[in-house]
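Notes for the one structure printed next.
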Amino acid sequence: MSDKVKGPERSAISNTRQRKWARRRLIALGALFLLLVLVAGLWAYYLRTRKPLSAALPPAPAVAQAFKPHYLFSIYGVDRPLGIALSPDGRYIYVTESAGERLIKVFDREGQFIRSFAVPDTRPAERAPVYVAVDSYGRVYVTDRRRFALYVFDADGNLLRVFSPPQGEEFWTPLGVNVVNDEILVTEVTREQHRVMVFDLEGRLKTVFGREGRENGEFWFPNAVVRDEEGNFYVSDGNNGRLQVLDPEGNFLYALRGLNLPRGLAIDTEKRLFLVDAVAHQVRVFSLASQPIVALYEFGDIGMGDGEFRYPNDIAVDLTGRLYITDRENNRIQVWSY
Amino acid sequence: MRKWFVLSTLVVGLLLVFASVALADNGPHQGDFNKTTDACAGCHRAHRGQAPKLLKETSQTALCFSCHGAAGTGADTNVEDGVYLNRASGGQYGSVGAGLRGGGFVNAIMDPDMDGTIASAPVTSKHDVDATGTMWGNGGVSGTANPGKANVNLRCGSCHNPHGTSGPEDAYRILRPKPLDSGAATDVLVPDEPTKDYTVSYQANGYRYVDYVTEVISQWCAQCHTRYLAADENDSGDAIFKYRHVTADNDRKCLACHVAHGTSAVMTGTYSGSVEWPDGAAGGGTNDSRLLHVNNRGTCVQCHPSP
């Protein structure tokens, strides 16, 4: 058919095709323009209404920190328990008693009694075990207020040694003890020198700070001390009713006041700080995700029922999200979990 | 009930008003009662108290033992074991490891057999805190038999004011001028000692030094044990407390023979353990030591060596 088309006709067909192409290009350009306008409009709308991603979707630790723990069960068979600590693998619970035989008792994580021990050759009236800690080798550290000593036992309860402070510090009164990153953190309450002492596992004194008083950086029966990943110290300043935060050199940073009788402290892997307030009969939980630390919530109330406390004193946390709390006047250890 | 509510509210209000005035024995009893204090809620509930004084906790003893208990986590005075725990150089306020003057509620460090050995031993009698009993001799002279006020619930706060005392003078051991439930009409302020010492000490003859307080301590004990206070040995006219040992005298004050908290003395003799109580109940035997600080009736001999 094309062979039969003459010259003028071929020219007319060509013009028609060109017009069609021109129209199609125009339509395509118009569509492209409209698309650009639409994208620009959407972009402008997004820019006007966008919110920071972090606000819309909190970071994972914040989500974890928002949840409260729940009560699991209680372990009985302890007489006015005070201090508590866990073995490195979390399988065993060490707890000190302040009444009756005043023993250090060991339970497994299901609450089965394993064994008990005490300072050799002492009667109950001659000893007062208070706080307990376990190092990464499984050695058990126990402060004894009546005997003005820090004892070191093996995991089976055999006395290894009496921890000796450096020369010139022999007349000390160790009260609280924790082992964090192979450092032994001790609160010491000899009158007028209530303070924090930091030792390495060989017993060498690395840092000491504080004295008795009410001013910033001073303490009044500090009961517990722990450190965060940055090396900051958190000290439960018992009779001053506050939690003091100090930098890695022991310089005062700030304090959270208005607590009743802060005692035991613990930090978990989710950057939560747990503080036992003995007279409020509660555990107060703080987030260490930022500084100053932020109060998250508290749990527990006064009573004798499940999940209720009467003068709780100390807390230990394991890697599975379990919390072990000495419930002094209810003569039990409460186990909570996330 | 309404009366108690009004009274309790008034007491708390007055404590808040006067809390910043002179306070004895320091400690947290001094409190930080500023205009926006949080401290009150630690122990009190304004409308839901579970014990008198609007306390939120029925066991006041547990609260006190949070610091003064066997662990001594908040004080140097362990009143359960009756021991002083301050290890400061120079022995400020007493000797480290020495017994407290009042004895203890679980154990006491003393020398009840007077053999020169001061040792810790379980108590045999005590002012039983957190228990209900009879306030012997409470009330005025009575011609009809009245052994005392029954069903009194004794607590630490019955005798001690946990907020500290206020007034022109500090009181010895923050003792209340009017012990709770005593019904006392007038105040008896036991002045604090010029140089504080919490610990007991013994004389060469084996008896305790008790010169740290004057005879006013007997007046104070008699705020509760009213009819035990006697200025002479004449017939008092009372049916039970008819003839009495003189106690209103500096040499014969209550603490010359008794301790305040608890004693480890034992009554092994035939007579000492069988002394009847003012209501006629039989004596309790070996452990019925009536807060005496020497075994049996050895306290008599310290003043009457040749009866």
Side-chain angles (χ1 to χ4, degrees), chain A residues 79-80 82-83 96-100 102 123-131 143-148 170-173 175-176 187-193 212 214 220-224 238-242 257-261 263-264 277-281 302 310-311 313-314 328-330, chain B residues 26-32 34 36-45 48 50 56-59 61-67 69-76 78 80-94 96-97 104-109 119-123 130 264:
Chain A
D79 212 337
R80 283 170 59 193
L82 281 183
T96 59
E97 295 180 311
S98 64
R102 302 181 189 180
R123 295 184 294 115
E126 298 169 338
R127 59 185 181 240
V130 188
Y131 287 103
T143 55
D144 193 307
R145 181 86 163 93
R146 183 81 172 78
R147 304 185 70 76
F148 305 96
E170 298 90 343
F171 295 100
W172 71 335
T173 309
L175 181 67
T187 61
E188 202 264 319
V189 294
T190 298
R191 189 176 283 271
E192 294 183 350
Q193 59 184 33
E212 184 177 350
R214 292 188 162 200
W220 197 356
F221 282 96
N223 267 238
N239 289 7
N240 281 328
R242 63 189 177 185
R257 302 172 198 279
L259 305 172
N260 290 292
L261 192 62
R263 289 281 165 89
D277 196 331
V279 173
H281 312 283
I302 185 171
R310 291 181 69 231
Y311 298 96
N313 198 77
D314 198 13
R328 195 188 84 208
E329 292 299 318
N330 283 327
Chain B
N26 302 314
H29 309 131
Q30 203 164 19
D32 183 16
N34 56 47
T36 56
T37 183
D38 177 63
C40 308
C43 304
H44 299 279
R45 288 290 177 269
R48 294 181 291 114
Q50 298 297 306
K56 73 175 187 180
E57 163 70 281
T58 53
S59 173
T61 307
L63 173 64
C64 300
F65 284 2
S66 293
C67 291
T73 42
D76 288 325
N78 166 359
E80 284 193 282
D81 289 332
V83 61
Y84 188 57
L85 297 171
N86 170 28
R87 205 175 192 183
S89 59
Q92 191 180 24
Y93 305 147
V96 62
F105 290 104
V106 177
N107 300 292
I109 297 174
S120 173
V123 298
D130 258 1
S264 58

Quiz item: Using a cut-off of under 4.5 Å for heavy-atom pairs, which of A/V130, A/N223, A/T173, A/L82 has the most such pairs with chain B?
Solution: A/N223

Distance-minimising heavy-atom pair for [X] and [Y]:
{"X": "B/Y84", "Y": "A/R191", "answer": "OH-NH2, 3.8 Å"}
{"X": "B/V83", "Y": "A/R146", "answer": "CG2-NH1, 3.7 Å"}
{"X": "A/L261", "Y": "B/S66", "answer": "CD2-CB, 4.0 Å"}
{"X": "A/F148", "Y": "B/V96", "answer": "CZ-CG2, 3.3 Å"}
{"X": "B/A62", "Y": "A/Y311", "answer": "CB-CE1, 3.5 Å"}
{"X": "B/R87", "Y": "A/W172", "answer": "NH1-O, 2.9 Å"}

Segment of [X] engaging chain B (4.5 angstrom heavy-atom cut-off):
{"X": "A/V279", "result": "both"}
{"X": "A/A278", "result": "neither"}
{"X": "A/R263", "result": "side chain"}

Quiz prompt | Approximate separation, where rounding is to 0.5 Å, of A/R328 CZ and B/F65 CZ | solution = 9.0 Å

Quiz item: Given the options B/P122, B/A75, B/S120, which has more heavy-atom pairs under 4.5 Å with chain A than any of the others?
Solution: B/A75

Practice problem: Look at B/D81 together with A/R145 and state whether they make a salt bridge at an N to O cut-off of under 4.0 Å. | Solution: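 A salt bridge is absent here (no side-chain N lies under 4.0 Å from a carboxylate O).
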
